[in-house]
Structures are given as C-alpha cells and as structure tokens.
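These notes are about the structure you will find just below.
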Amino acid sequence: MKTYHILTAILIIAISTPLLSQDGNSVSSAYLTVDATAGTETISRHIYGHFSEHLGHCIYGGYWVGYDSEIPNTNGIRNDVVEALRDIAIPNLRWPGGCFADEYHWMDGIGDPATRPKMVNTHWGGVTEDNSFGTHEFLELCEQLGTEPVICGNVGSGTVKEMSQWVEYLNFDGISPMADLRRINGRESAWGVKYWGVGNENWGCGGNMTADFYADQYRRYATFCRNYGDNRLFKIAGGANSEDFGWTETLMKKIPHWQMNGISLHYYTTNWNNKGPATGFGEDHYFEVLKRCLHIEVAIDRHIEIMDKYDPEKRVALVFDEWGTWYDVEPGTNPGFLYQQNSMRDALVAGLTLNYLNARCERVSMANIAQTINVLQALIFTEGDQIVLTPTYHIYDMYQVHHDATLLPQTLEGPDYVLGSESLEAISASASMDKEGRIHLSLINIDPEKEVHMEIEIKGLSSGKITGQVLSSEKLDSHNNFNEPEEVIPVEFDGARFKKGKLELTMPAHSVVVLQVD
Ligand code: AHR
C-alpha cells in the first residue's frame with residue numbers, strides 16, 4: 001500500500017513537470033498502467049454497431065440506388081458502400097428508425113415495388129417515401145454486409161398484431177400465413193432475425209407515452225414477439241432520453257426481466273438550444289462538444305447504477321442504440337435531412353465514446369452510432385457515384401481490433417486540457433487483448449495544442465513488437481470531402497518504443513493513436 005502511495009506521489013510530480021518536445025514546446029506527461037494478466041470481460045463487437053434510418057440520404061442514395069442505377073450495385077445496393085462497411089466489419093445495423101420506425105408499417109414495404117403504397121415521412125423533411133426499400137431489401141443489405149439486422153418495431157402507431165406478424169414473416173420456417181406470404185415474395189427460408197427493438201423514443205416521437213404506460217405496452221408487445229425454431233429473440237425496450245433516469249427506473253421496475261434482454265438509451269452530443277456548425281468552429285465550441293461527449297460517462301454510469309439496483313446479475317443489457325454529434329445542417333441543405341460535415345473533432349468524439357463503452361462492456365453489450373451514411377455523425381458520404389470516408393469512419397476502422405477482445409483493466413493519470421476556467425481530462429485510453437494474445441491500445445489526446453508524453457506499464461509484458469496507426473490533422477475542423485477525400489486519414493505510427501520495460505510514446509495534439517503489441 002505504502003509503495004503505491006510513494007509511486008503515486010512520484011507520478012503526480014512527473015505529470016506536473018513539463019518536458020520539452022523536439023521543437024521546444026512544452027509537453028505534458030501521462031502514465032497508464034494496463035494489466036494484461038487480469039482481463040475478464042469481453043468487449044462485444046456489437047458495441048461497434050450502426051444505425052440507418054429512412055432519413056435524408058441515408059437509405060436512398062446512401063445504400064439504395066435501385067436495380068436500374070448506373071452506379072455499380074448488386075440488387076440495387078451500392079457496391080462501394082458495401083465494400084467500405086465490410087472493411088470495418090460492422091457487426092449490426094439498426095433499422096428502419098428512429099422516429100421513422102413508429103410510423104412505419106412493414107407490410108407497405110413488401111411485394112412488387114411498383115404497387116407498394118407510398119407514405120409521407122413526416123419526421124424527416126415531409127418527403128414521400130415510396131417504400132421501395134423494405135424488409136427484403138434490408139435483409140439483402142445485411143446479407144451483403146455480413147452483419148446482424150436489428151429491427152425496430154412500431155409501437156407508437158402500430159399494433160401488437162402487426163409486430164407479431166413481422167416476427168413471424170422473418171423468422172418462421174414452417175407453413176403459416178406470414179411464412180407463406182414471404183415465400184410468395186420470393187424468400188423461401190426464414191432469416192432468423194434475433195435483435196428486435198420494441199419501439200423507439202416512446203417518450204417522444206414514438207408516442208409521447210409516460211414510462212408507466214410504455215412499460216405496460218412493452219409487456220404486451222414482447223409477449224407476442226415469439227421465438228420460432230431455435231432463434232431466441234433479443235428484445236430491447238425503448239429506453240430513456242439522455243439523463244431521464246426515472247424512465248430507466250420505471251422500466252427496470254415494471255417490466256419482468258425475463259421479458260427484456262436489453263433496455264436502450266439515446267444520448268446525442270449536442271446543445272439543443274445552439275447546436276453550432278460542424279466545421280468552422282472556434283475552440284470554445286470544440287471544448288463544449290468534447291465536454292458534452294465526456295459527460296456521457298456520468299449519464300451512463302447513473303443509468304447503470306439504476307440497472308444494477310434492480311438487476312445486480314446484469315442480465316439486462318444497456319443498449320446505447322443512438323449516439324453521436326448533432327450540429328446545424330450544412331447551409332443550403334434540407335433541414336429535415338440532418339446532413340452535417342464530419343471533422344477531426346468527430347473522430348475524437350467517436351474515439352472517446354468507444355473507449356468509454358469498452359470500459360462499461362460488462363453492462364453495455366450493444367451500441368449504434370447515428371447514422372451510418374449522410375446523416376448526423378456519418379461514416380460515409382455519397383453524392384451520385386462518389387463516396388467519401390469520414391474521420392469517424394477511420395476511427396471505426398482503427399478500433400476494429402477491440403471487437404470481441406478481452407477488456408484489460410487499467411489506471412490512468414494524465415494532464416488536463418484547460419480552457420479558461422474549465423478543464424477536461426486530456427487523455428483517454430482503452431486496452432484489450434485479442435484471441436491471439438495481442439494487446440491493443442487506443443489512446444486519445446484531446447488537447448488542441450499540446451503533445452502528451454505517455455509512459456505505459458503493461459503488467460505481464462515488458463517487450464514486444466509494436467505497430468501502430470495515428471489519426472491526426474492540421475486543424476481541429478479538418479475533414480474529408482469529395483474534392484479532398486484524404487485530408488484526414490490514418491497513417492503509420494512508429495513513435496512507440498519499449499524503454500526499461502515500459503512503452504513510451506508522444507501523443508500529437510488532437511490525435512488518436514492505436515497500437516498493437518505482439
Ligand atoms: O437520429 C435521428 C433521430 O434522433 C432519430 O430518429 C430519433 O430516434 C432521435 O431523436
């Protein structure tokens with residue numbers, strides 16, 4: 001114990017002592033310990049999940065171009081997008097909303113596309129939805145992507161019968177009205193969809209319900225979402241908005257846990273009164289966004305505390321199925337389409353959030369960034385036949401190493417990033433061990449100006465081959481667009497060395513470094 005205190009004191013002195021970088025600027029220092037001998041929890045790959053709604057150009061133009069398009073496609077789905085998402089091994093895809101889910105009637109999206117009824121997408125721009133992308137097209141997309149579908153049912157304006165029939169249509173392999181209808185529509189075998197959301201934001205766009213009313217509705221809906229064959233459904237209750245802890249408490253109290261595998265949570269990194277621009281921002285807005293992002297920890301930890309009270313065995317998962325940055329739309333674009341640029345700042349938000357979700361993987365078993373293409377914190381932009389990968393995409397690429405790896409316990413002491421009278425922890429870290437025994441570290445420095453020297457002590461490992469990548473940028477709002485698609489891309493990082501058994505590196509200002517130690 002005493003040794004620990006002496007070490008801590010030395011560390012604090014070391015942390016507060018500035019070093020000098022090669023160019024003579026001051027460098028703070030941080031100390032990370034990772035125990036490679038003590039990992040017990042698995043970081044579910046589903047934490048790296050995605051969300052795509054019938055909103056703006058996420059589905060239409062993003063994935064779907066139709067059978068007759070000149071844009072290279074397979075069965076109407078863009079090949080470039082599929083290839084990009086396969087490259088980052090997206091583990092799941094949540095669909096069709098969002099708010100759209102609670103006004104979507106799935107039967108309008110099956111059968112001959114020419115005769116499918118049209119509807120108004122009242123939430124998102126009031127545009128006409130022609131239902132050409134429906135259930136079969138979505139499942140085809142998931143097959144092409146090699147990803148698990150997560151389907152969100154309609155509780156707000158639908159019926160128990162409608163949702164129950166959707167489950168039967170997708171999952172029953174025998175003779176039944178819905179299975180027969182599926183066959184008429186060209187699909188012989190059931191898809192066996194496991195993940196089902198029972199409504200979305202039912203406290204708001206999903207019906208403006210009270211928590212008590214929704215909990216009762218959930219019990220009805222969940223009862224009639226049946227298991228067919230060996231497929232055990234994973235049912236996700238529509239959870240709280242940000243810090244509405246009462247909603248989580250009511251659902252945990254009123255819904256029998258055997259009926260609910262997960263409870264969702266939505267948290268957007270935004271100031272709803274003044275969202276601000278996606279690029280061209282000052283340091284004050286940079287700071288504010290990162291502060292709100294780091295506040296996710298406080299918010300989620302409180303939801304977890306409530307869940308722990310009612311479910312100490314952690315049977316019910318926290319499913320963080322909508323998160324990300326939300327800014328003003330790009331000038332001249334439809335306000336209902338939520339189209340925003342994506343900069344190095346968004347990459348930092350993604351990295352910080354994923355580091356934190358890794359740390360809570362005991363309770364958080366799934367998360368979905370909003371939204372994959374052309375909407376909010378997008379990974380991909382498309383325009384005609386062009387495609388651009390955003391800085392956020394590159395984080396998902398670099399962080400793939402954590403999929404289904406074992407979380408390694410860590411302690412971190414580091415400097416603060418200070419702006420005026422406020423400060424944030426400058427360094428964030430996450431460490432895991434993969435099935436081959438390789439260690440992966442994702443390290444972030446949010447300080448816009450200062451490099452941070454890091455010393456990393458890995459218990460159980462004092463040497464090894466190190467490889468790495470770094471994502472950094474000239475400016476805080478550097479981004480990729482159709483003219484300059486590679487302004488922010490990861491490059492090799494060879495600045496990490498073992499010195500006297502410890503790993504040392506200098507983190508560039510506003511950067512993300514991912515290291516692998518063999
Ligand atoms: O992601 C955009 C919207 O944000 C979703 O439709 C809704 O669930 C949330 O309010």
Side-chain angles (χ1 to χ4, degrees), residues 49-60 62-63 92-104 119-127 129 133 138 150-158 195-209 214 218 236-244 247-248 251 262-273 275 278 292-293 296 299 318-330 333-342 346 349-350 353 366-381 390 392:
H50 294 266
F51 166 44
S52 294
E53 180 168 12
H54 287 238
L55 196 177
H57 292 297
C58 186
I59 298 293
Y60 298 106
Y63 296 101
N92 67 65
L93 185 59
R94 177 174 182 256
W95 172 85
C99 295
F100 182 78
D102 280 282
E103 66 176 353
Y104 180 63
M119 66 180 280
V120 185
N121 190 337
T122 57
H123 290 291
W124 307 121
V127 294
E129 160 69 56
F133 187 91
F138 173 64
V150 179
I151 295 191
C152 189
N154 180 346
V155 171
S157 69
Y195 297 101
W196 288 85
V198 181
N200 170 76
E201 296 194 353
N202 302 93
W203 40 263
C205 64
N208 284 306
M209 302 174 194
Y214 173 74
Y218 178 91
I236 304 163
N241 182 22
S242 304
E243 293 176 84
D244 183 355
W247 184 278
T248 298
L251 266 49
I263 181 166
S264 82
L265 175 67
H266 292 179
Y267 183 109
Y268 284 97
T269 299
T270 193
N271 172 356
W272 295 111
N273 299 320
K275 300 192 193 80
R292 286 179 189 276
C293 168
I296 290 177
L318 184 62
V319 176
F320 194 32
D321 58 11
E322 281 187 36
W323 68 269
T325 52
W326 191 319
Y327 308 117
D328 294 335
V329 297
E330 291 304 317
T333 64
N334 186 329
F337 284 9
L338 309 185
Y339 180 68
Q340 65 188 38
Q341 243 305 346
N342 191 288
D346 297 275
V349 167
T353 306
M366 183 182 280
N368 309 75
I369 189 169
Q371 302 191 5
T372 326
I373 312 176
N374 297 327
V375 170
L376 297 176
Q377 192 171 347
L379 281 82
I380 295 176
F381 294 133
T390 68
T392 298

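Residue indices begin at 1 and follow the sequence shown. We count ligands from 1, going down the list as the structure has it; atoms in each ligand are counted the same way.
- Between E53 and R94 there is no salt bridge, since no side-chain N of the basic residue sits under 4.0 Å from a carboxylate O of the acidic one.
- Remark: minimum distance from atom 10 (O) of ligand 1 to any protein heavy atom is reached at E201 OE1, 2.7 Å.
- The shortest distance between side-chain heavy atoms of L55 and H123 does not fall below 4.5 Å.
- With respect to atom 3 (C) of ligand 1, the closest heavy atom belonging to the protein is W124 CZ2, 3.7 Å.
- You'll find the side chain of H50 stays beyond 4.5 Å of the side chain of Q371, heavy atoms only.
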Discussion item. For a side chain to side chain donor-acceptor pair (under 3.5 Å) check, start with the C-alpha distance between D346 and T392, then their side-chain angles and the critical distance, and finish with the verdict.
Written reply: CA-CA 6 Å; D346 297 275; T392 298; 5.3 Å; no

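- In this structure, atom 5 (C) of ligand 1 lies nearest to the protein heavy atom E322 OE1, 3.3 Å.
- Of the polar atoms of G98, none of the N or O atoms is found under 3.5 Å from an N or O of ligand 1, judged by distance alone.
- Every atom of ligand 1 is numbered from 1 in the order shown, and the set under 4.0 Å from a heavy atom of F51 is 1 (O).
- Judged by distance alone, the side chains of T325 and Y268 never bring a donor and an acceptor atom under 3.5 Å apart.
- Listed by number with element, the atoms of ligand 1 under 4.0 Å from a non-hydrogen atom of C99 are 5 (C), 6 (O), 7 (C), 8 (O).
- With ligand atoms numbered from 1 in the order given, ligand 1 contributes 1 (O), 2 (C) to contacts under 4.0 Å with heavy atoms of L376.
- No donor-acceptor distance shorter than 3.5 angstrom exists from the side chain of Y104 to the backbone of C152, with no hydrogens or angles considered.
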Practice prompt. With ring-ring contact (aromatic ring centres under 6.0 Å, His included) as the test, would you mind laying out the steps for Y339 and H57 before giving the verdict?
Written response: CA-CA 8 Å; Y339 180 68; H57 292 297; 8.3 Å; no

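- Contact annotation for Q371 and ligand 1: only side-chain heavy atoms (C-beta onward) come within less than 4.0 Å of the ligand.
- Looking at V375 against ligand 1, nothing comes within 4.0 Å, counting heavy atoms.
- For F100, no heavy-atom contact with ligand 1 is shorter than 4.0 Å.
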Discussion item. Walk me through whether H54 and F100 qualify under ring-ring contact (aromatic ring centres under 6.0 Å, His included).
Written reply: CA-CA 7 Å; H54 287 238; F100 182 78; 4.6 Å; yes

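- Atoms of ligand 1 lying under 4.0 Å from any heavy atom of N200, numbered from 1 in the order shown and given with element: 8 (O).
- The protein atom (non-hydrogen) at minimum distance from atom 1 (O) of ligand 1 is Y268 OH, 2.7 Å.
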